Amino acid sequence: MLHVGGVRTALFNWLFARKNSGTFVLRIEDTDLERSTEESVEQLKRSLRWIGLEWDEGPEIGGPHSPYRQTERLDLYCEAAQKLLDSGAAYYDFATPEELAELREQARAEKRQPIYTSGEYRQMDPEEARGRIEAGEPYTVRFKTPRDGQTVVEDMIRGPVTFENANLEDFVLMKSSGTPTYNFAAVVDDALMEMSHVIRGDDHLSNTPRQILIYKALGYDLPAFAHVPQVLGPDKKKLSKRHGAASVEEFAAQGILPEALFNYLALLGAGYAADEEIFSPEELAERFRIKRVSGNPAVFDQQKLVSINQVYIRRKSLEELAMLAAPMLVESGAASAEELESDMPRLTKIMDLMKERIGRTTDIPDAVGYFYGGELEYDPEEFQKQFGKEFARENLPELAERLAALPEWTEEAIEEAIRGLAAEREKGARHLIHPLRFATTGRTVSAGLFETMQLLGRERSLLRVEKALREMEQLPA
RNA sequence: GGCCCCAUCGUCUAGAGGCCAAGGACAUCGCCCUCUCACGGCGAAAACCCGGGUUCGAACCCCGGUGGGGUCACCA
């Protein structure tokens with residue numbers, strides 16, 4: 001599941017790479033064996049591609065620094081760990097998880113910060129450590145974090161951020177399972193893969209001083225860092241499913257177009273000029289300035305996303321919209337595939353009528369469904385409202401006859417028939433239009449009635465009107 | 001709680017010391033268009049968190065407070 005915060009970060013990386021003619025690299029960080037599954041990796045790649053973020057280097061594509069999955073790079077991490085062990089920058093630690101938990105508990109009780117700097121193992125003689133390892137004792141490799149001094153992160157969007165080394169513990173490099181921790185693997189990979197820029201979520205800012213320490217201990221040059229803020233829900237809490245949708249899949253399922261999500265996410269906190277908002281990925285890249293990205297977390301606004309989505313729906317050609325609508329109509333049961341295929345031009349015209357009224361593609365079946373099928377079921381309460389009026393009861397049968405007698409079933413002819421009768425009875429045409437709309441579409445809102453009826457076709461329109469008339473007869477006087 | 005980041009309309013933002021009695025977009029509310037809805041047009045309401053400095057002058061610089069966020073794992 002690719003969270004919108006994650007996509008936005010990926011998006012910024014992509015924009016930055018495009019803008020600077022760089023390379024956008026995808027690396028799978030799957031060192032957490034329990035959490036990372038084949039399916040989750042596939043889904044991630046699918047989401048990235050759906051929104052239009054193709055990577056230049058990475059899984060499936062390959063590149064000069066293969067492989068791009070951390071679980072396939074284990075040797076590299078072991079090698080680097082050995083280097084740090086040899087130089088004395090790291091040490092073997094035999095503390096058990098239980099002991100560590102207890103230490104933390106103790107620190108908490110004494111209101112101390114739980115900063116682990118194992119005096120016991122930090123100084124242990126390498127020979128002794130080796131002995132215990134050979135004896136089969138589980139161990140981790142920890143970094144020997146300096147006790148004093150400070151580490152400063154030169155962040156591209158925040159400037160220098162200073163951390164006291166004394167606040168950093170001796171963090172784990174290699175877990176007892178033999179796999180590296182995120183902080184360690186990320187550094188080794190970023191260095192080996194020659195990453196020039198690391199643009200990632202805000203939540204990694206506090207990891208960065210540790211990583212910088214590792215870079216230095218390994219003798220690697222530092223990449224440039226940029227930490228982009230999180231995406232929040234309306235309650236200013238981290239955006240999650242309970243805010244409606246939080247992952248790319250969910251937005252897709254809720255009728256959001258990939259280009260709309262792309263555009264919206266790129267705008268969110270990226271510091272673009274505010275005079276215009278609809279941009280193609282290329283335009284976005286052209287204007288992207290990492291230094292202008294806002295340092296403060298942005299609230300995700302579903303309504304604005306939908307409004308941008310609406311713009312992209314309107315920008316689609318009618319043919320594209322028809323292609324989009326067809327499978328949805330089949331799935332909703334509104335129309336059969338054969339029926340649609342036999343007359344795509346008609347669907348195209350229908351989409352022309354409805355495109356201004358659709359905010360999400362998932363609105364399509366409901367907005368368009370009644371253009372297909374025969375007789376309709378009417379909501380009794382609304383039916384009473386529309387057909388219970390005296391004027392309607394007295395004139396609708398006559399109107400139906402005139403419509404049936406129309407030589408040409410065109411928008412103009414239909415309009416003339418309706419307005420003509422209303423004029424003769426000296427009543428506003430709306431007194432006929434509203435019930436007729438309800439009879440022919442089964443709803444109180446639709447596109448213009450005349451064009452709607454023309455597209456509905458004579459046969460279907462009259463069929464529905466006649467049914468409504470029959471039901472009108474049953475209404476109590 | 002410690003450490004770190006951040007702070008302009010409800011939301012996203014423009015603003016990089018005088019051009020700002022703060023501009024745009026979404027949302028909201030009017031009006032117009034009109035057969036309903038939508039689109040479109042016009043208009044309204046709506047913000048520089050607070051307090052100190054610096055300066056001739058501060059939304060913009062500095063300090064403090066407050067508020068929000070992040071992070072404190074053998075998760076990434």
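These numbers were taken from a predicted model, which means no experiment stands behind them. Numbered from 1 within each chain, the chains take letters A, B, ... in sequence-line order.
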Give a yes/no answer on whether the side chain of A:Arg292 brings an N or O atom under 4.0 Å of OP1 or OP2 in B:rG15. yes
What about A:Ser206: does its side chain form a donor-acceptor pair under 3.5 Å with the base of B:rC4? no
Using a 4.0 Å heavy-atom cut-off, does A:Thr140 contact any base of the nucleic acid, only the sugar-phosphate backbone, or nothing at all? base
Would you give a per-nucleotide map of nucleotides 58-69 of chain B, 5' to 3', where B means the base has a protein non-hydrogen atom under 4.0 Å away, S means only the sugar-phosphate does, and - means neither? -----------S
Examine B:rC4: is either OP1 or OP2 under 4.0 Å from a nitrogen or oxygen in the side chain of A:Arg210? Give yes or no. no
Residues A:Glu29, A:Arg27: salt bridge by 4.0 Å N-O rule: yes
A:Phe171 CZ - B:rA76 P separation (whole Å): 14 Å
Contact class for A:Ala266 vs. all strands (heavy atom < 4.0 Å): base, sugar-phosphate, or nothing? nothing
So among A:Phe143, A:Tyr121, A:Tyr91, which one has a side-chain contact (heavy atoms from CB on, under 4.5 Å) with A:Asp170? A:Tyr91
Ignoring backbone atoms, test whether A:Asn296 places a side-chain nitrogen or oxygen under 4.0 Å from the OP1 or OP2 oxygen of B:rU8. yes
Classify the nucleic acid contact of A:Arg104 as base, sugar-phosphate or nothing, counting any heavy atom under 4.0 Å across all strands shown. sugar-phosphate
Assuming nearest nucleotide by heavy-atom distance, tell me which of A:Arg437 and A:Phe300 is located more 5' along RNA chain B. A:Phe300
Mind checking who B:rA44 pairs with, Watson-Crick or G-U wobble, both distances under 3.5 Å? B:rU28
Under the 3.5 angstrom rule, does the side chain of A:Thr181 hit a backbone N or O of A:Val172 as a donor-acceptor pair? yes
Identify whether any heavy atom of A:Arg112 sits under 4.0 Å from a base atom; if not, whether one sits that close to sugar-phosphate; answer base, sugar-phosphate or nothing. nothing
With a 4.0 Å cut-off on heavy atoms, is A:Leu100 in touch with a base, just the backbone sugar-phosphate, or nothing at all? base
Please determine whether a side-chain nitrogen or oxygen atom of A:Lys175 lies at a distance below 4.0 Å from atom OP1 or OP2 of B:rC75. yes
Check A:Arg73, A:Met174, A:Lys175 against A:Pro180 for a side-chain contact (heavy atoms from CB on, under 4.5 Å) and give me the one that passes. A:Met174
Regarding A:Leu268, tell me which of base, sugar-phosphate or nothing describes its non-hydrogen contacts under 4.0 Å with the strands shown. sugar-phosphate
What's the separation between atom OH in A:Tyr116 and atom CG in A:Leu168, rounded to the nearest 0.5 Å? 15.5 Å
When you measure from the side-chain N and O atoms of A:Arg419 to the phosphate of B:rC35, is any distance below 4.0 Å, counting only OP1 and OP2? yes
Please state whether the phosphate of B:rA76, meaning OP1 or OP2, lies under 4.0 angstrom from any side-chain nitrogen or oxygen of A:Thr31. yes
Just call it for A:Thr179: base, sugar-phosphate, or nothing, with non-hydrogen atoms closer than 4.0 Å on any strand. nothing
Under 4.0 angstrom between A:Arg200 side-chain N/O and B:rA76 OP1 or OP2: no
Taking only Lys NZ, Arg NE, NH1 and NH2, and the carboxylate oxygens of Asp or Glu, determine whether A:Glu416 and A:Arg402 approach each other closer than 4.0 Å. no
Can you say whether a donor on the side chain of A:Glu356 sits under 3.5 Å from an acceptor on the base of B:rG40, or the other way round? no
Output yes when A:Asp366 and A:Arg443 qualify as a salt bridge under the 4.0 Å nitrogen-oxygen rule, no when they do not. yes
Sugar-phosphate only, base, or nothing, as touched by A:Gly295 at under 4.0 Å among non-hydrogen atoms: sugar-phosphate
Salt-bridge criterion met for A:Glu38 and A:Arg69 (N-O under 4.0 Å): yes
Quick one: is A:Arg142 getting a side-chain N or O under 4.0 Å of the B:rC74 phosphate, OP1 or OP2? yes
Ignoring hydrogens and angles, are the base of B:rA76 and the side chain of A:Asn207 linked by a donor-acceptor pair under 3.5 Å? yes
What I want to check is whether an N or O donor and acceptor connect the side chain of A:Lys304 with the base of B:rA25 at under 3.5 Å. yes
How would you label the contact of A:Ala298 with the nucleic acid (heavy atoms, under 4.0 Å): base, sugar-phosphate, or nothing? sugar-phosphate
